[in-house]
Amino acid sequence: MERLDLFNFRRVMGKRGNFLVLLIALAVMMIFYPVDGKFRYQYKKGSPWLYQTLESPIDFPVLKTKDEMSEEKSRAAESVIQYFRKDEKVMNEALADFSRKCIKDSVPEQIQTAVTKALSDIYQKGLFAQKDLEDRAIFVQRGKNASQEIEAELYTPQKALRYIRSELAYTAPAANPDSLLSSLKVAEFLRPDLFFDKNTTDELHRRAIDYISPTKGMVYAGEHIVSEGEIITSEIEQILDSFKAEYKKSIGYSGNILMLHLGHALIIAVLLLMAYFAVYFSDQEVLKHQNEFNFVVFILCLAFVVTMLVRKISPDLLYLVPFAVLVLYMSSFLYNRVVLPVYFISLMPLLLVAENGVELFMIASVAGVVAFMSFSLYARGWLQFLNCLYIFFACVLVHIGFQLIAKGTIFPIEPRIYVYLFIASVLVVVTYPFVFLMEKLFYMVSISTLKDLSDTENPLLEELATKAPGTFQHSLQVANLAERAVVAIGGNPRIARAGALYHDIGKMANPQAFIENMSNGLNIHKDLSPVESAQLIIKHVEDGVAMARKARLPKVLQDFILSHHGHSVTEYFYNVYCNNGGNPADRPKFTYQGNLPATKEEVVVMIADAVEAASRSLSEYSEETISSLVDSVVEKRISGNQLIRSEVTFKNINSIKSVMKRQIREIYHARIAYPKRKMSESQQDR
């Protein structure tokens, strides 16, 4: 195991800006941390009770399970009594109409009295329209009062006719009752006066469901709940769940509230320190760049705040949160070795506050790993949505595993959870474009942006290839050299390549001033003094920065333009100036006024630029000449104090030189001279 460099550790840990950011993060997390005590017991059906024998410290009701509540609601819905309204006007109108008919048709008084009495009896009870009467209770509202009655005891038109027929048979036995019913047209006076009230019936249905008690008994203080080592059955789990719910509702945290806040602060502080050390041991460069460290802390805060807010709305909605997108955000800016350690730490709040925190932590962890791998393969166009399926299936497998552990079966299936997992998988892709917002907020450059900028079809690079083709080819060679050399010293090859491609764009302002673009023997320096020529050459840095700003290139690429020559001297024109009698003290007129390289990537591009340019002047490309060239270029930068701002080590320098020597040899490798084929005399004659 590599020993800890205490000097470097103290230097990195002593950066005050990082600790200020951590303190701000601590304050933000404290605001969103739920102010309640955590239920002290963890349990699962089928597992033994790991604590001492538990006796209830309080009285609490035993809650019904979801299945029990659902069954009772179904029974309540089936037993809802229908509600009918009785229209009293119908009876009065029907009796009046029948009386007028009897007077008009001179119906015998005895018959009229019998039918009128029968009609009154029927309407007193109530008359339905056509329906099958059942032996069940219903509500009938008469005026302002409602009474419960048996439906079978009321009347339909058919039943009413039978009743009137029997009354006529009793009153006038000599007459034919069917003939009387027909001649009197009694059926016309049997008009329904009971009408179904759907709105009131639905309201009764709703109340019947709402008024179902969620409890089914009590557990009293001192009553035994579970013994130490006892296997937790469904019944015990139900009682424990009820105790947990009552604890949170009526007891919560009973200690000193200041101690609760102190506990929260300690937990959050440990969480942040874990992240800090994870970054330290995976990539210390993040700690040295304030914007990158701010971004890491932002990811931790984002995961924490989202977890707390969603949990407050509904714990089940945590399945809906696309935690895996945090992996994609971090991998867009940071090295892969940093991403997963920070991501796993950012998920730890799930273990602290979520009811099923272990399952959620595992689902989010697996989703993050799958996203980390799959997006490296499918990161363009519609193929991105394949990642959704991979993430979804991985999450489902984890959820099924926990279902089998808890219940021994995946049934009954909870479609809601699977829908949440699918939506969360889609949201990973949908929310990924926010990476460009973070790019602006934290002044960083994402991988996607670097890929686009490194594409030689980028408008600025196409313009460079058109206006200064020699410089463009030089930039491509520098990019290849820098990319491989940066990998050897643990730098970022994408940034180095992009920086190398754009470092000389300023030469487009006056391409013929640079030897690689001179054509037809035209040399504009013949008519210029050494000072004027030097100023013309030096100006390409200033022009390059202006072009980069106009094209809105990221600042990190502008830094390559400013630093690729550092404070070096245009030696050719300086030497000509001195040889012609010029004052050596005028050296500043021949010196670049850019920035000294600060990052590994800037150092590598500076060396690669000088090595590539110098390699073109070699007359022989042997191993000795190439090695001597690279050594002299690097030595000149070191002796000229061009690397004093950077943190490259001698080990890094040796690695850079080794890679560049190998690369130059491969570029200018010896080629086989093809022998000419001898021709016969007859072929020569032809």
Side-chain angles (χ1 to χ4, degrees), residues 286 289 291-307 309-310 317-336 338-340 342-344 346-347 363-395 419-455 457-461 492-495 497-498 502 548 551-558:
V286 174
H289 297 88
N291 58 337
E292 292 183 5
F293 184 72
N294 293 348
F295 172 70
V296 169
V297 176
F298 170 77
I299 291 295
L300 293 169
C301 288
L302 180 64
F304 188 92
V305 171
V306 169
T307 298
L309 290 178
V310 174
L317 290 181
L318 287 170
Y319 287 100
L320 196 59
V321 179
F323 288 105
V325 77
L326 301 180
V327 168
L328 305 183
Y329 291 158
M330 287 189 285
S331 61
S332 295
F333 302 107
L334 308 174
Y335 290 126
N336 291 343
V338 185
V339 174
L340 289 180
V342 173
Y343 177 64
F344 292 141
S346 72
L347 297 179
I363 287 174
S365 298
V366 170
V369 172
V370 171
F372 189 59
M373 297 170 61
S374 64
F375 265 80
S376 63
L377 301 174
Y378 308 106
R380 289 183 177 271
W382 69 270
L383 289 175
Q384 294 182 76
F385 289 93
L386 286 177
N387 300 310
C388 299
L389 296 179
Y390 295 143
I391 296 169
F392 173 66
F393 288 134
C395 293
V419 170
Y420 285 170
L421 292 176
F422 180 75
I423 294 174
S425 303
V426 174
L427 286 176
V428 172
V429 175
V430 172
T431 56
Y432 176 65
F434 282 102
V435 71
F436 298 108
L437 174 62
M438 296 180 187
E439 189 175 48
K440 299 298 182 183
L441 290 176
F442 294 96
Y443 299 100
M444 296 189 295
V445 185
S446 67
I447 291 175
S448 299
T449 299
L450 287 174
K451 285 181 178 178
D452 293 339
L453 290 173
S454 298
D455 189 341
E457 294 184 0
N458 182 281
L460 198 56
L461 292 180
N492 190 322
R494 294 187 182 91
I495 291 178
R497 181 172 186 80
Y502 289 91
R552 296 185 178 180
L553 291 184
K555 184 178 181 301
V556 66
L557 298 188
Q558 296 180 31

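Just so it is clear, the model here is predicted, and its values are computed rather than measured. Keep in mind that the numbers below use all heavy atoms, side chains included, and drop hydrogens, waters and symmetry copies.
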Trace of the side chain to side chain contact (heavy atoms under 4.5 Å, CB included) decision for Val296 with Met330: CA-CA 8 Å; Val296 169; Met330 287 189 285; 5.5 Å; no
Trace of the side chain to side chain contact (heavy atoms under 4.5 Å, CB included) decision for Leu553 with Leu453: CA-CA 9 Å; Leu553 291 184; Leu453 290 173; 3.8 Å; yes
Verdict with supporting geometry, Asn294 and Phe298, side chain to side chain contact (heavy atoms under 4.5 Å, CB included): CA-CA 6 Å; Asn294 293 348; Phe298 170 77; over 6 Å; no
Verdict with reasoning, Leu300 to Phe304, per side chain to side chain contact (heavy atoms under 4.5 Å, CB included): CA-CA 6 Å; Leu300 293 169; Phe304 188 92; over 6 Å; no
Residue pair Tyr390, Ser425: steps toward the side-chain hydrogen bond (donor to acceptor under 3.5 Å, both in side chains) verdict: CA-CA 9 Å; Tyr390 295 143; Ser425 303; over 6 Å; no
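The two residues Leu450 and Ala498 make their nearest non-hydrogen contact at CD2-CB, 3.9 Å. Annotation for Glu439 and Met444: closest pair CG-O, 2.7 Å, computed over non-hydrogen atoms. Closest non-hydrogen pair, Leu427 versus Thr431, comes out as O-OG1, 2.5 Å. Of all heavy-atom pairs between Val429 and Pro433, the closest is O-CD, 3.4 Å. Annotation for Ser346 and Ala303: closest pair O-CB, 3.5 Å, computed over non-hydrogen atoms. Considering all non-hydrogen atoms of both residues, Leu326 and Leu302 come closest at CD2-CD2, 3.8 Å.
Judged purely by distance below 3.5 Å, without hydrogens or angles, the side chains of Ser332 and Tyr432 pair a donor atom with an acceptor atom.
Applying the side-chain hydrogen bond (donor to acceptor under 3.5 Å, both in side chains) test to Ser365 and every residue at least two apart in sequence or in another chain returns nothing. Residues passing the ring-ring contact (aromatic ring centres under 6.0 Å, His included) test with Phe295 are Phe333, Phe442, sequence neighbours excluded.
Side chain of Tyr502 to backbone of Leu460: no donor-acceptor contact under 3.5 angstrom is found. A distance-only check finds a donor-acceptor pair linking the side chain of Asn492 to the backbone of Ile495 [under 3.5 Å]. Checked by atom type and distance alone, the side chain of Ser376 pairs as donor or acceptor with a backbone atom of Met373 at under 3.5 Å.
Other residues, nucleotides and ligands place more than 12 heavy atoms under 6.0 Å from the OH atom of Tyr335. Other residues, nucleotides and ligands place no more than 12 heavy atoms under 6.0 Å from the OH atom of Tyr443.
With rounding to the nearest 0.5 Å, the separation of CZ in Phe375 from CG in Leu386 is 10.0 Å. In this structure, CD1 in Ile423 is found 14.5 Å from OH in Tyr319, a value given to the nearest 0.5 Å.
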